[in-house]
Trainee: 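First the structure, which I've put down as structure tokens, then a few questions once you've had a look.
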Amino acid sequence: MRHHLNRRVMLTGLGTVSLGGVVARPQAATLQSTYLAPVRADPGRISRITVCTRPFRAAGPRLEVEVIGDKRVVHNYGHGGAGWSLSWGSAALARDRALEGGTSRCAVIGCGIIGLTSALKILRSGVPTTMYAAERAPFTRSVRATGVWSPDSRLAASDAIAPGFASLWEVMARQSMEDHRAFVGSPGYPVNVMDMYTLRAHADAQQAVGPYPSPGRIPFVSYAERVAGLRPIARPLSRSEHRFPVASASVSARMTFDVTIYAEHLMDTFQREGGVIVTRRLNHPGELADLPEPVIVNCTGFGARALFGDISVVPIRGQIAWLPPQPEVDYGLIYNAVIMIPRSRGILVQATGASQMVGYGVDDENPDWSEAASAVGMLSTLFV
């Protein structure tokens, strides 16, 4: 099957840029005539299944300062499905709180994406920094994430946020986008901008495959209008511009993260620039007294529920089925609530479900083969 695809869309498709002092608005992906490699989507080729537990808080990420014993603790956790997307901006806020009043050295707990970016921000401010973590990349929960820039994905509940939260979120989103862009084109492509095709089997409806939504309804915030200049613009495709067996299709330039490579790169960079990582599991806030650093940034994500007794942290389960790598596949797909993204170490296939309530309150990290096979099977119908 042959399609039209722009293999390397311009980064300007994700936000406003300055060209000789003139601000250019983001452009939709521009298609060129070239070959679009088919995905070998066969449930029998599933090589592994990973499960991620996102740390959701109705009030949004916890960015607060607390005194525990003789330690000043800066909390930075609870980003729901937006941890990777907001990581650098959230880290900058945590750094400012940590360094307020001055400190001779700082500790960061947790080696996920929030911990890594926070540690780097602090270290690059000239303060010696040590990370304490029970696990390192590629074994943290962060490295099981989908890896699409989605800064308000299941981030908070509109009826639980504090006044000014939306403005704070916008600061984090814009700062994060700026920092992520610096990695586009780096070796291994930790951050990439690729064509993402959104396909519909029917012009007016989309039938989702499992998993099924959890009971109840959370009024998740949506802030798309606040960062309209950063959002990709989708371009509808005419029937002659694609060969997918669907009623309608569009394409947009989407920022994606190869989360394993990205996390490993940040961890190596932190150590190369003088940061120290100590393997240590903390089980109780009282153990913070054993750490020599006077200021501690808590980036434990879902682990904060157990470590600090924060029962406001709610799990949101997400599962990914992995197919063997196909280097020739350099585009993404969204179809019938199934998303496909190619990475260097495999092709990610995830059933997201038709509702944001999918996986809410579910902390079961056991792989579900039926869910994985259904998602890959749905994808296979596009390549007949």
Side-chain angles (χ1 to χ4, degrees), residues 1-11 13-14 26-32 34-41 50 52 81-82 84-85 144-151 153 177 180 183-185 188-201 206 208-209 230-237 241-246 248-262 318-353 372 375-383:
M1 175 168 49
R2 289 186 178 273
H3 298 277
H4 298 288
L5 173 72
N6 174 17
R7 295 176 64 88
R8 285 286 176 258
V9 295
M10 294 296 291
L11 183 57
L14 282 174
Q27 301 296 314
T30 303
L31 301 181
Q32 300 174 354
T34 188
Y35 178 64
L36 184 62
V39 177
R40 298 177 62 193
T50 57
C52 174
W84 280 87
S85 301
R144 301 178 227 154
T146 308
V148 176
W149 194 74
S150 52
S153 173
M177 173 60 81
H180 284 312
F183 292 90
V184 175
Y189 289 97
V191 181
N192 198 2
V193 182
M194 67 177 61
D195 283 340
M196 183 73 71
Y197 289 83
T198 299
L199 311 174
R200 291 181 180 274
Q206 192 167 353
V209 301
L230 301 181
R231 293 279 186 178
I233 298 175
R235 186 174 83 81
L237 301 177
E241 290 180 296
H242 72 91
R243 297 294 183 269
F244 291 112
V246 296
S248 65
S250 63
V251 65
S252 62
R254 295 291 297 270
M255 175 176 280
T256 64
F257 312 119
D258 194 326
V259 295
T260 302
I261 289 177
Y262 202 177
Q319 174 176 287
I320 293 170
W322 292 92
L323 298 172
Q326 287 185 243
E328 71 277 14
V329 175
D330 58 358
Y331 61 94
L333 290 172
I334 300 174
Y335 175 64
N336 278 11
V338 171
I339 186 169
M340 181 282 293
I341 301 174
R343 291 194 188 155
S344 58
R345 302 180 187 181
I347 291 181
L348 174 159
V349 181
Q350 181 177 21
T352 59
V376 173
M378 177 65 70
L379 187 66
S380 70
T381 64
L382 298 173
F383 302 96

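Scope of the values below: all heavy atoms of this structure, side chains included, with no hydrogens, waters or symmetry mates.
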Trainee: Going by heavy atoms in the side chains, are V148 and M255 under 4.5 Å from each other?
Mentor: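 Side chain of V148 against side chain of M255, heavy atoms only: no contact under 4.5 Å found.
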Trainee: Test side chain to side chain contact (heavy atoms under 4.5 Å, CB included) on I347 and V39; report intermediate values, then the result.
Mentor: CA-CA 9 Å; I347 291 181; V39 177; 4.1 Å; yes
Trainee: As an exercise, state the distance from OH of Y331 to CG of D195, rounded to the nearest 0.5 Å.
Mentor: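 The distance works out to 11.0 Å.
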Trainee: When rounded to the nearest 0.5 angstrom, what distance separates OG1 in T198 from CZ in R235?
Mentor: 13.5 Å
Trainee: Before you tell me yes or no, could you show the steps for R144 and I320 under side chain to side chain contact (heavy atoms under 4.5 Å, CB included), namely the whole-Å CA-CA distance, both residues' side-chain angles and the distance that decides it to 0.1 Å?
Mentor: CA-CA 8 Å; R144 301 178 227 154; I320 293 170; 5.8 Å; no
Trainee: Can you label the angle between the F257 ring and the H180 ring as parallel, tilted or perpendicular, going by 30° and 60°?
Mentor: tilted
Trainee: Are the side chains of S85 and M177 in touch, meaning some heavy atoms are under 4.5 Å apart?
Mentor: no
Trainee: Contact between L382 and R243 at the side-chain level, heavy atoms closer than 4.5 Å - yes or no?
Mentor: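 No, every pair of side-chain atoms sits at 4.5 Å or beyond.
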Trainee: Which heavy atom in M196 sits nearest to a heavy atom in M340, and how many Å separate them?
Mentor: SD-O, 4.4 Å
Trainee: Would Y262 and W84 count as a close aromatic pair, with their ring centres under 6.0 Å?
Mentor: yes
Trainee: If you compare all heavy atoms of S150 against all heavy atoms of A82, which two are closest, and at what distance to 0.1 Å?
Mentor: O-CB, 3.6 Å
Trainee: Find the distance between CG (L333) and CG (L36) and round it off to the nearest 0.5 Å.
Mentor: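 CG of L36 is found 7.5 Å from CG of L333.
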Trainee: Has Q326 got a side-chain atom pairing as donor or acceptor with P38's backbone, closer than 3.5 angstrom?
Mentor: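 Checking the backbone N and O of P38 against the side chain of Q326, a donor-acceptor pair under 3.5 Å is found.
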Trainee: Taking the side chain as every heavy atom from C-beta outward, state whether I261 and R345 have any atom pair closer than 4.5 Å.
Mentor: yes
Trainee: Over all heavy atoms of both residues, which pair between Y335 and T381 is shortest? Give the atoms and the distance, please.
Mentor: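 Smallest interatomic distance, heavy atoms only, reads CE2-OG1, 3.7 Å.
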Trainee: Could you tell me the separation between the CG atom of D330 and the OH atom of Y189, rounded to the nearest 0.5 Å?
Mentor: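 So the gap between those two atoms works out to 10.0 Å.
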Trainee: Mind checking what makes side-chain hydrogen bond (donor to acceptor under 3.5 Å, both in side chains) contact with T50, not counting sequence neighbours?
Mentor: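 T50 satisfies side-chain hydrogen bond (donor to acceptor under 3.5 Å, both in side chains) with W322 once adjacent residues are dropped.
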Trainee: Which pair of non-hydrogen atoms, one from V191 and one from F183, has the smallest distance, and what is that distance?
Mentor: CG2-CB, 3.6 Å
Trainee: Of all the heavy-atom pairs spanning A41 and S380, show the shortest one and how long it is.
Mentor: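 That would be O-CB, 2.9 Å.
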Trainee: For the atom pair CG (L348) and CG (L323), what is the distance rounded to the nearest 0.5 Å?
Mentor: 9.5 Å
Trainee: Passes salt bridge (Lys or Arg N to Asp or Glu O under 4.0 Å), R40 versus E328? Steps please.
Mentor: CA-CA 11 Å; R40 298 177 62 193; E328 71 277 14; over 6 Å; no
Trainee: With sequence neighbours excluded, what pairs up with S344 under the side-chain hydrogen bond (donor to acceptor under 3.5 Å, both in side chains) test?
Mentor: D258
Trainee: Within the 4.5 Å heavy-atom criterion, are V338 and T352 side-chain neighbours or not?
Mentor: no
Trainee: Hey, what do you get for OG (S250) to NE2 (H242), rounding to the nearest 0.5 Å?
Mentor: 9.5 Å
Trainee: On a heavy-atom basis, which atom in R254 and which in P232 lie closest, and how many Å separate them?
Mentor: CD-CG, 3.2 Å
Trainee: Using a 4.5 Å cut-off on heavy atoms from C-beta on, say whether the side chain of V259 contacts that of R343.
Mentor: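 With C-beta onward as the side chain, the pair touches.
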